[in-house]
Novice: 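Below is the structure I would like to discuss, written out as structure tokens.
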Amino acid sequence: MESPRHPISFANDVAPVLTKAGCNTGVCHAKAGGGQNGFQLSLLGFEPAEDYEHVVREARGRRISLAAPEQSLLLLKASGQVPHGGGVRLEKDSAGYRQLRDWIAAGALYGGDEAPELASIQVQPERGLLNQGATQQLVAVAHYSDGTSRNVTDLALYETNDVAMIEASESGVVHAQHLPGNAAVMVRYQGKVAVYTAAIPMGAAIDQVPESNNFVDDHVFNNLKTLGIPPSPVCDDATFLRRVTLDIAGRLPTEAESRAFLANDDDRRRDQVIDELLKSPEYADYFANKWTSLLKNRRDDKSDITSNFAFHAWLRDSLLANRPYDQIVRELLAATGTVMGNPPVAWYKRVKEPKEQIEDVAQLFLGVRMQCAQCHHHPFERWSQDDYYSLVAFFSKVGRKPTGVRGEDQIFHQRGVAGEKNPKTGETLLPAALGDSVGEIPAGEDPRLRLADWMSSTENPFFAKALVNRYWKHFFSRGLIEPEDDIRDTNPPTNPELLASIEKHFVDSGYDLKELVRVITRSHAYQLSAVPNEHNIADRQNYSRFYPKRLQAEVMLDSIDGLTGARTDFANLPVGTKAVALPDNSYNKSSPFLRVFGRPESTSVCECERVQSASLAQSLHFINAADIKSKLAFKGGRAERLAAAKDVTHQDRVNELYMAAYSRAPDDEEESTAVAYLSEPRMTADKKPISEVDATRENLQDLLWALINTKEFLFNH
């Protein structure tokens with residue numbers, strides 16, 4: 001029911017007008033952005049009591065004129081009657097202008113005691129099927145603590161999660177663009193949010209889809225049927241083998257592995273390959289490389305060597321042994337002692353302050369970005385400063401004292417009641433986990449253990465979801481929630497049913513990381529061809545085809561070494577150590593290749609630190625970098641070995657190169673072109689012919705260089 005009119009309330013009637021007009025945004029008068037010309041308001045009106053003081057009483061009340069409301073500076077500037085850097089924000093004949101004028105005329109009271117509090121906001125409809133080019137009027141309804149409701153459509157703010165798919169006007173009219181998929185509109189009013197989600201179908205006829213291998217396929221293909229987006233067919237065996245080996249083990253299949261797999265006629269050969277890869281040490285190397293970077297295992301000083309190696313080895317061994325994910329996280333969060341006795345302690349060497357610790361833990365393990373809530377209410381979420389400092393309280397009793405080893409501290413739990421002061425209110429807050437109570441924590445109990453208990457609970461809404469979404473992105477190039485570490489109500493997944501099912505499977509498996517990888521890679525959704533059809537070429541969020549991704553710097557370096565038969569040596573590591581097995585970031589300094597191709601420096605928990613985009617520097621590196629040339633001409637490398645091999649035809653040489661680079665044989669045109677090039681004679685600088693072996697070796701080097709520069713080699717597809 002529509003609420004009866006209460007006396008005008010600043011919080012319920014005035015602050016929303018200022019928010020709708022954009023007065024309290026970061027570029028205008030929001031305190032978080034500095035506040036233009038000394039007039040500071042809370043970001044998006046989250047603190048109405050403070051805003052009332054600034055509007056009515058600050059600067060001797062110069063912004064309000066009770067005797068002549070229309071002469072109030074607040075109205076004169078907002079309506080453009082006097083110069084205003086922000087331009088006209090409220091027209092004189094607008095409802096917002098009249099609301100402010102009437103409020104001032106009524107005495108500019110706060111009206112706090114008698115005014116009901118906003119309990120929630122609802123958007124109608126909440127979901128819908130919206131054809132391309134169609135529009136939908138949203139209705140925002142505010143529900144108050146006294147049981148009444150109010151239509152606030154004109155005062156709510158609307159923001160889409162993908163402007164290429166759907167647009168929203170200031171009045172709540174959404175317009176579907178011409179890209180099929182799932183999109184959302186965030187509706188915000190007075191610190192409360194609601195979300196409208198729309199499925200925008202393509203509407204193409206789907207005659208058939210690949211057979212489902214598991215529940216992942218059921219959800220992916222059902223979504224594609226709803227949207228009318230026909231999927232690409234399942235990829236061929238050679239493509240699958242190369243793809244899954246790169247994604248699980250971070251390397252190319254060997255020539256022998258490719259030939260054996262392509263000759264295998266067992267119906268379960270793909271599942272068998274997945275299982276073998278998950279047993280391999282390369283799996284542990286590759287995913288340890290991923291996690292140590294996110295956990296900031298960087299070397300800032302020579303004294304870091306021991307702790308970095310120990311931390312990397314602990315994580316790698318945990319992955320190889322397939323220890324449950326919740327157990328790994330628990331050991332990390334609650335680590336005590338010294339690095340030599342307990343390697344997870346090394347994390348506390350890199351992340352020393354409680355604020356940084358909870359921000360990293362929340363973003364990495366819960367998919368929640370808490371940084372904004374340190375200073376003000378999160379603009380896109382329900383988290384407040386109290387939520388932030390209640391989370392900090394879990395780490396408030398982490399103590400450290402020096403040891404006999406330079407640069408190494410002993411981590412321990414300081415006895416006492418954990419708590420953290422909110423600097424704004426002065427209140428000391430007890431540990432609480434994102435709105436959930438963890439109970440009273442005795443002085444002798446380490447609060448971090450309670451945090452770990454809460455995180456690993458089967459009822460936790462963030463922990464498993466964050467990991468599942470992160471791994472889904474690893475294999476599919478795009479998370480079900482994107483960015484992968486920004487999980488919130490206002491950023492819904494593109495396929496909620498799929499995310500819920502795979503999250504449940506992960507929890508039911510006992511947080512088994514290998515089983516998660518297994519269920520993803522066994523699906524036909526993962527095994528679809530990267531070649532688009534006429535209908536799914538523009539699809540980037542529904543997994544109707546495989547989305548090619550460029551090889552990571554370490555994988556690319558190892559792949560070039562594998563193809564050329566070369567070797568990259570790293571200081572203080574055994575000969576033959578692969579780039580994906582490097583324990584920390586320090587090796588970037590000595591490797592121009594790793595720097596140019598974007599290996600992260602382990603300074604952030606965001607995977608965005610890894611540079612995956614192409615650049616001119618990378619192209620130039622392939623053209624004339626000394627390390628690329630040396631790998632092509634590596635003594636004892638593939639070019640030299642094949643050139644010197646007797647009773648080997650050029651067709652054999654070409655076939656081996658293609659099998660090593662692409663896990664497939666060359667087609668007829670590729671073979672004839674490559675054989676013709678290998679057969680060309682070579683001349684010295686003074687025009688004298690060189691030996692056939694030397695000519696073949698140089699031609700093989702050129703052919704290897706050409707293969708390395710192809711997209712088929714540089715991308716996982």
Side-chain angles (χ1 to χ4, degrees), residues 122-140 153 156 158-169 172-188 193-210 212 215-232 380 465 468-469 472-473 476-484 486-503 523-525 528 532-547:
Q122 179 185 20
V123 60
Q124 300 172 350
E126 295 181 351
R127 302 184 70 173
L129 194 67
L130 201 59
N131 291 324
Q132 297 177 34
T135 60
Q136 170 70 57
Q137 172 67 60
L138 301 183
V139 176
T153 303
Y158 305 90
E159 184 174 336
T160 68
N161 69 338
D162 191 337
V163 294
M165 295 186 66
I166 193 169
E167 292 181 340
S169 71
V173 177
V174 297
H175 177 259
Q177 305 288 62
H178 294 280
L179 284 178
N182 294 282
V185 177
M186 177 179 66
V187 183
R188 177 168 48 209
V193 293
V195 179
Y196 165 75
T197 56
I200 306 171
M202 170 172 283
I206 300 181
D207 298 327
Q208 61 180 12
V209 297
S212 287
F215 68 89
V216 172
D217 290 334
D218 294 339
H219 290 298
V220 171
F221 296 148
N222 285 341
N223 183 52
L224 293 177
K225 290 175 182 177
T226 298
L227 295 173
I229 304 177
S232 296
F380 305 125
K465 183 184 278 92
V468 163
N469 190 56
W472 184 272
K473 182 170 183 175
F476 283 88
S477 303
R478 189 191 192 285
L480 289 161
I481 298 173
E482 193 67 29
E484 74 283 348
D486 191 14
I487 297 174
R488 47 188 163 86
D489 294 339
T490 54
N491 187 28
T494 55
N495 194 325
E497 295 79 13
L498 170 60
L499 181 57
S501 293
I502 198 168
E503 178 187 357
S523 70
H524 274 154
L528 294 179
N533 56 46
E534 61 177 312
H535 300 291
N536 68 3
I537 190 169
D539 174 41
R540 284 293 302 164
Q541 63 161 222
N542 299 291
Y543 317 104
S544 59
R545 57 186 172 87
F546 187 80
Y547 307 135

Novice: Looking at every non-hydrogen atom in both residues, tell me the closest pair between Ala164 and Gln177 and how far apart they are.
Specialist: O-CB, 3.2 Å
Novice: Just how far is it from atom NE2 of His175 to atom OG1 of Thr160, taken to the nearest 0.5 Å?
Specialist: 12.5 Å
Novice: Tell me, do Val209 and Pro230 make a side-chain contact under 4.5 Å, heavy atoms counted?
Specialist: no
Novice: Taking side chain as C-beta onward, heavy atoms only, is Thr153 less than 4.5 Å from Gln137?
Specialist: yes
Novice: Can you name the nearest heavy-atom pair linking Asn131 to Ala176, along with the distance?
Specialist: O-CB, 3.4 Å
Novice: For Pro483, check side-chain contact (heavy atoms from CB on, under 4.5 Å) against everything at least two apart and list the hits.
Specialist: Arg369, Asp485, Asp486, Asn491
Novice: On a heavy-atom basis, which atom in Ala184 and which in Ile166 lie closest, and how many Å separate them?
Specialist: O-CG2, 4.2 Å
Novice: How close do Pro532 and Arg545 get, counting heavy atoms only, and between which atoms?
Specialist: CB-CD, 3.6 Å
Novice: Please confirm whether Arg540 makes a cation-pi placement over Tyr547, using NZ or CZ under 6.0 Å from the six-membered ring centre and within 45° of the ring normal.
Specialist: yes
Novice: Mind running side chain to side chain contact (heavy atoms under 4.5 Å, CB included) on Gln541 and Asp539 for me, showing each step along the way?
Specialist: CA-CA 6 Å; Gln541 63 161 222; Asp539 174 41; 4.2 Å; yes
Novice: For Leu129, look at atom CG and say whether over 12 heavy atoms of other residues, nucleotides or ligands are found less than 6.0 Å away.
Specialist: yes
Novice: Donor-acceptor check, side chain of Asp217 to backbone of His524, threshold 3.5 angstrom: yes or no?
Specialist: yes
Novice: In terms of relative ring orientation, are Phe476 and Trp472 parallel, tilted or perpendicular, with 30° and 60° separating the classes?
Specialist: parallel
Novice: On a heavy-atom basis, which atom in Gln132 and which in Pro201 lie closest, and how many Å separate them?
Specialist: NE2-O, 3.1 Å
Novice: I want to check something: taking the side chain as every heavy atom from C-beta on, are Leu498 and Leu480 in contact at a cut-off of under 4.5 Å?
Specialist: yes
Novice: Return the OH to CD distance between Tyr196 and Glu126, rounded to the nearest 0.5 Å.
Specialist: 11.5 Å
Novice: Answer yes or no: is there a side-chain heavy-atom contact under 4.5 Å between Asn182 and Leu227?
Specialist: yes
Novice: If we only count heavy atoms from C-beta on, is the Val174 to Tyr158 side-chain gap below 4.5 Å?
Specialist: no
Novice: How close do Ser232 and Leu528 get, counting heavy atoms only, and between which atoms?
Specialist: O-CD2, 3.1 Å
Novice: Could you tell me which residues satisfy side chain to side chain donor-acceptor pair (under 3.5 Å) with Ser169, sequence neighbours excluded, listed by chain and number?
Specialist: Ser171
Novice: Could you give the distance from CG (Leu499) to CD1 (Ile487), rounded to the nearest 0.5 Å?
Specialist: 7.0 Å
Novice: Could you tell me whether the side chain of Thr494 reaches within less than 4.5 Å of the side chain of Arg478, counting heavy atoms only?
Specialist: yes
Novice: Check whether any side-chain heavy atom of Val195 lies under 4.5 Å from a side-chain heavy atom of Asn161, and answer yes or no.
Specialist: no
Novice: Would a distance-only check, ignoring hydrogens and angles, find a side-chain to backbone donor-acceptor pair under 3.5 Å from Asn495 to His219?
Specialist: yes
Novice: Please enumerate all residues that pass side chain to side chain donor-acceptor pair (under 3.5 Å) together with Lys473, with sequence neighbours excluded.
Specialist: Glu482, Glu484
Novice: Using a 3.5 Å distance criterion without hydrogens, assess whether the side chain of Asn536 forms a donor-acceptor pair with backbone atoms of Ser544.
Specialist: yes
Novice: When rounded to the nearest 0.5 angstrom, what distance separates CD in Glu497 from CG in Asn222?
Specialist: 9.0 Å
Novice: Are the side chains of Lys465 and Pro493 in touch, meaning some heavy atoms are under 4.5 Å apart?
Specialist: no
Novice: Using a 3.5 Å distance criterion without hydrogens, assess whether the side chain of Asp218 forms a donor-acceptor pair with backbone atoms of Val220.
Specialist: no
Novice: To the closest 0.5 Å, what do you measure between CG (Leu130) and OG1 (Thr197)?
Specialist: 11.0 Å
Novice: Could you walk me through whether Tyr543 and Leu224 pass the side chain to side chain contact (heavy atoms under 4.5 Å, CB included) check?
Specialist: CA-CA 8 Å; Tyr543 317 104; Leu224 293 177; over 6 Å; no
